[in-house]
*Asks:* 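My questions all concern the structure below.
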Protein chains: 2
Amino acid sequence: MIGQVEQTRMPRRRDAIERHDRLVAAAQQEFAVRGVNASLEAIARDAGVAIGTLYRHFPTRMDLLLAAFEPRLQEFLEGAKLSIEIADPWEGFVSYLENLFRVQAGDRGFNDFLSRRFPGNAETERIHDQMCLHIASVLTRAQKAGQARSDIRLADIVNLIWSNGRMIDATGTTAPNEWRRHLYLMLDAYRAERAHPLPEPPMTDEQLYDAMVHLGNAD
Amino acid sequence: MIGQVEQTRMPRRRDAIERHDRLVAAAQQEFAVRGVNASLEAIARDAGVAIGTLYRHFPTRMDLLLAAFEPRLQEFLEGAKLSIEIADPWEGFVSYLENLFRVQAGDRGFNDFLSRRFPGNAETERIHDQMCLHIASVLTRAQKAGQARSDIRLADIVNLIWSNGRMIDATGTTAPNEWRRHLYLMLDAYRAERAHPLPEPPMTDEQLYDAMVHLGNAD
DNA sequence: GAATAAGGGGAGGTACCCCTCAGGTTTACA
DNA sequence: TGTAAACCTGAGGGGTACCTCCCCTTATTC
């Protein structure tokens with residue numbers, strides 16, 4: 001299962017549980033607005049907790065990120081489940097992407113999270129691996145049905161996720177539904193009947209991986 | 001003329017001129033690699049100059065940016081001139097975008113610069129205004145010829161610039177020509193034939209402007 | 001070669017942010 | 001109710017970056 005985030009050991013004492021929850025809530029808020037690089041000190045402040053307490057509960061930023069993104073991941077997974085049950089492969093593909101982008105559009109941190117990889121963290125690597133497999137299978141199904149053009153690959157969809165992410169960064173405040181326009185425009189590019197030859201091969205798996213890592217380092 | 005960057009008053013003394021040039025060279029290097037938010041202290045260091053000297057020559061970051069981007073702007077303009085001379089409107093449109101993206105791909109700072117607006121700076125506002133007009137006219141020409149779909153607008157092309165920018169950020173090191181694949185994929189979405197209806201209206205001019213400003217604030 | 005204006009240097013103030021750790025506080029449990 | 005373990009706090013060390021300002025240096029000009 002993709003979204004099964006390993007539980008951070010829950011604290012035992014009542015006050016600790018309460019602080020833990022306040023931290024997660026503050027983190028969700030801050031990450032959603034400012035992205036995965038939100039200030040941890042600001043999160044602690046919002047939670048009304050000292051910075052040391054934040055570190056006691058979540059020793060690394062990634063621990064806090066995973067706790068904060070748990071609901072987003074579930075939200076995505078529920079939508080994805082509905083999508084793959086759709087009989088028509090193209091409709092399923094469209095629905096899958098629309099669901100993904102909707103979740104992505106609602107949370108800047110999750111948006112960042114989707115676009116990157118964090119090598120060295122087994123937890124996130126597993127989630128990303130599974131998502132890639134999932135996306136690839138939805139795409140392949142639409143290709144086998146002759147509805148999606150046959151020359152696109154997972155890497156092109158990841159690129160779409162990047163594009164969408166950037167669009168959301170830009171328009172999130174100003175034109176919050178604009179991402180749907182962009183998606184449907186791109187869908188016209190993906191239809192089999194509109195395909196023209198492409199000048200460059202798709203990225204290899206390795207190139208794709210490196211590119212996702214690079215997005216994280218660059219900031 | 002788009003690219004006519006106002007000369008920063010050239011310094012008078014020989015040593016000052018030399019430092020000025022070293023600063024511009026270092027800035028081009030740093031901005032190209034790290035984007036418009038490159039550290040000014042690093043630029044001064046690279047140029048072998050004290051930070052105070054940098055500020056004497058370029059009181060604001062934007063002054064230095066404009067000096068550094070001058071050649072990029074010229075490079076773009078020369079290519080653009082060739083593009084609009086192409087007889088076939090669609091070919092001209094494609095060539096225009098390909099030229100723009102090539103320049104964008106070569107310089108991360110210029111990439112940032114293209115995607116944003118800097119309100120309050122008359123110089124850059126003028127450049128951006130002119131570029132928008134220019135892009136719109138190339139697009140309109142291809143639409144009047146019935147080659148580009150009629151329901152796309154300048155805002156959609158700016159979105160393409162954003163998308164391309166993000167792709168370059170991700171793949172610049174790993175797969176440096178991948179942006180061409182993405183462009184040609186998008187071109188299939190822009191062709192008039194068999195266009196499918198879009199679910200959202202294009203951004204208004206104001207929304208577009210705000211979105212470009214927002215990208216700058218967010219970082 | 002002296003006077004002077006232009007230019008250069010860089011320490012230091014401000015503001016973030018990350019993360020640790022010693023010492024004080026509170027809960028839970030017997 | 002007393003004690004031990006769990007927990008909390010926040011000052012503080014380390015880092016980065018922005019920008020200013022005063023004093024010193026140097027090119028130019030006569």
Side-chain angles (χ1 to χ4, degrees), chain A residues 7-27 29-31 33-68 108-109 112 118 120-121 216-219, chain B residues 7-27 29-31 33-68 108-109 112 118 120-121 216-219:
Chain A
Q7 290 296 335
T8 31
R9 186 186 49 72
M10 276 305 268
R12 306 204 213 303
R13 273 168 41 173
R14 211 180 53 249
D15 58 341
I17 291 170
E18 200 238 351
R19 279 174 171 84
H20 174 102
D21 293 347
R22 289 217 309 268
L23 278 167
V24 171
Q29 174 71 19
E30 285 287 316
F31 287 142
V33 174
R34 304 194 198 284
V36 295
N37 291 316
S39 156
L40 298 183
E41 288 183 335
I43 291 172
R45 213 178 309 132
D46 292 359
V49 143
I51 185 66
T53 303
L54 183 149
Y55 279 98
R56 159 173 278 270
H57 285 273
F58 304 98
T60 72
R61 175 182 294 270
M62 189 55 76
D63 295 324
L64 188 50
L65 275 176
L66 285 170
R108 201 173 150 207
D112 289 345
F118 305 86
N121 185 295
N217 300 336
D219 276 309
Chain B
Q7 291 296 334
T8 30
R9 188 184 49 73
M10 276 305 268
R12 307 203 212 302
R13 273 167 45 172
R14 210 179 53 251
D15 58 343
I17 292 170
E18 199 238 351
R19 279 173 171 83
H20 174 102
D21 293 347
R22 288 217 309 268
L23 278 167
V24 172
Q29 175 71 20
E30 285 288 317
F31 287 141
V33 174
R34 304 195 198 284
V36 295
N37 291 316
S39 156
L40 298 183
E41 287 182 335
I43 291 172
R45 213 178 309 130
D46 291 358
V49 143
I51 186 65
T53 304
L54 183 149
Y55 279 97
R56 161 173 282 272
H57 283 273
F58 303 98
T60 72
R61 176 182 293 268
M62 189 54 76
D63 293 325
L64 187 50
L65 275 176
L66 284 170
R108 201 173 150 211
D112 289 345
F118 305 87
N121 185 296
N217 301 336
D219 276 311

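Every chain is numbered from 1 and lettered A, B, ... according to where its sequence line falls, protein lines coming before strand lines.
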*Asks:* Please enumerate all protein N or O atoms sitting under 3.5 Å from an N or O of nucleotides 13-16 of chain C, with distances to 0.1 Å.
*Replies:*
none

*Asks:* Measure across A/Leu40 and A/Tyr55 and return the closest heavy-atom pair with its distance rounded to 0.1 Å.
*Replies:*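 Smallest interatomic distance, heavy atoms only, reads CD1-OH, 3.5 Å.
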*Asks:* Taking only the side-chain nitrogens and oxygens of A/Arg19, find out if one of them lies under 4.0 Å from OP1 or OP2 of D/dT9.
*Replies:*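 True: A/Arg19 side-chain N/O within range (under 4.0 Å) of D/dT9 OP1/OP2.
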*Asks:* Rounded to whole angstroms, how far apart are NE2 on A/His57 and P on D/dA6?
*Replies:*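 Answer to the nearest Å: 14 Å.
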*Asks:* Using the side chain to side chain contact (heavy atoms under 4.5 Å, CB included) criterion, which residues pair with A/Ala50? Sequence neighbours excluded.
*Replies:*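 With sequence neighbours excluded, A/Ala50 shows a side chain to side chain contact (heavy atoms under 4.5 Å, CB included) to A/Thr53, given in chain and number order.
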*Asks:* Which nucleotide wins on minimum distance to the side chain of A/Tyr55, given the candidates C/dG10, C/dC18, D/dC18?
*Replies:*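 Looking only at heavy atoms from C-beta outward on A/Tyr55, the closest nucleotide is C/dC18.
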*Asks:* Between A/Gly52 and A/Leu40, which is nearer to the 5' end of DNA chain C once each is assigned its nearest nucleotide?
*Replies:*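 Counting from the 5' end, the first nearest nucleotide belongs to A/Leu40.
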*Asks:* Taking the side chain of B/Ile51 as heavy atoms from C-beta outward, which of C/dC18, C/dA11, D/dG10 is closest to it?
*Replies:*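 Closest of the options to the side chain of B/Ile51: C/dA11.
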*Asks:* Look at the side-chain N and O atoms of B/Arg14 and state whether any lies under 4.0 Å from the OP1 or OP2 oxygen of C/dA6.
*Replies:*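 For B/Arg14, the contact criterion (side-chain N or O under 4.0 Å from OP1 or OP2 of C/dA6) is not met.
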*Asks:* Under 4.0 Å, counting only non-hydrogen atoms across every strand here, what does A/Arg56 touch: a base, just sugar-phosphate, or nothing?
*Replies:*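 Base, at least one base atom sits under 4.0 Å.
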*Asks:* Quick check for you: among C/dG7, C/dG8, D/dT9, whose closest atom lies nearest to any side-chain atom of B/Arg12?
*Replies:*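 Closest of the options to the side chain of B/Arg12: C/dG7.
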*Asks:* How far apart are the closest heavy atoms of B/Glu30 and B/Ala42, and which atoms are they?
*Replies:*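 That would be OE1-CB, 4.1 Å.
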*Asks:* Does C/dG7 have its OP1 or OP2 closer than 4.0 Å to a side-chain nitrogen or oxygen of B/Thr53?
*Replies:*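 Negative; the distance criterion is not met.
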*Asks:* For the side chain of B/Arg13 and the base of D/dT26, is some donor closer than 3.5 Å to an acceptor across the two?
*Replies:*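 Between D/dT26 and B/Arg13, which were checked side chain against base, a qualifying N/O pair under 3.5 Å is present.
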